[in-house]
Amino acid sequence: MSKTIHHTGTIRSVGQGSVEVAVMQSSACSVCHAAGLCQSAESKERVIHIATLNPSRFAVGQAVVVEGALRMGLKAVGLAYVGPLVVLMAAVTAAQAMGWSEPACALAGLASLVPYGIALWLFRTRLQSRFSFSVRPA
C-alpha cells in the first residue's frame, strides 16, 4: 500500500511562498462507462493552497501533482468523523445515565458538538501546519 496520496491538478495562481492548485474531486462512480447516463455521478473542483519554497518554478495553467501523506488523510477522517461521533455518543450516554428524557439526550448530544467545533476552530493554525501538501510538476 502506498504511503502517499497523489492527485493531478492545475495551478490557479502563484503567490509569494504559495500556489493555489485546482483539483477535480470525483465520486467513485464518475469513472464508470455509464457515468454520462447516470445521475449519481458527480465531480467537484477543489482549490488547495500549498506553501512552497520556490513558487517561481510554477506557472498559471501548469499541470502539477499534489502529494500528501496517507496518515494525514487518516488524521483528517479521525477529526472530521470519529472525533464528533465519540463526543456525541459520550454526551448522549452521560445524559441517559443522568436520567434525562430521550429528546433532552439528543439535544445534549447535538449541543456537545458545538465545543468540539469551537476547539477545531481555535486550533486551526496548528492543524494547518500538520496538514501540509507538496506540489511538483506533472
- Derivation of the side chain to side chain contact (heavy atoms under 4.5 Å, CB included) call for Leu88 and Leu113: CA-CA 7 Å; Leu88 179 97; Leu113 296 177; 4.1 Å; yes
Side-chain polar contacts of residues 90-101 - donor-acceptor pairs under 3.5 angstrom, sequence neighbours left out - could you list them?
residue: Thr93; atom: OG1; partner: Met89; partner atom: O; Å: 2.7
residue: Ser101; atom: OG; partner: Ala104; partner atom: N; Å: 3.4

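- The CE atom of Met24 lies 12.5 Å from the NE2 atom of His7; values are rounded to the nearest 0.5 Å.
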Donor-acceptor pairs under 3.5 Å, side chain of residues 50-78 to any protein atom, not counting sequence neighbours: which ones?
residue: Asn54; atom: OD1; partner: Ser56; partner atom: OG; Å: 2.7
residue: Arg57; atom: NH2; partner: Val135; partner atom: O; Å: 3.4
residue: Gln62; atom: OE1; partner: Ala59; partner atom: N; Å: 2.9
residue: Glu67; atom: OE2; partner: His6; partner atom: ND1; Å: 3.3
residue: Glu67; atom: OE2; partner: Arg136; partner atom: NE; Å: 2.8
residue: Glu67; atom: OE2; partner: Arg136; partner atom: NH2; Å: 3.2

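- Annotation: side chain of Arg12 is not in contact with side chain of His49 (no heavy-atom distance under 4.5 Å).
- Atom OG of residue Ser112 and atom CG of residue Leu107 lie 11.0 Å apart, to the nearest 0.5 angstrom.
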- Check the pair Val47, Val21 against side chain to side chain contact (heavy atoms under 4.5 Å, CB included), reporting the backbone distance first and the verdict last. CA-CA 6 Å; Val47 177; Val21 180; over 6 Å; no
Side-chain donor/acceptor pairs under 3.5 Å, residues 115-126, sequence neighbours excluded:
residue: Tyr116; atom: OH; partner: Leu79; partner atom: O; Å: 2.6
residue: Arg124; atom: NH1; partner: Trp121; partner atom: O; Å: 2.7

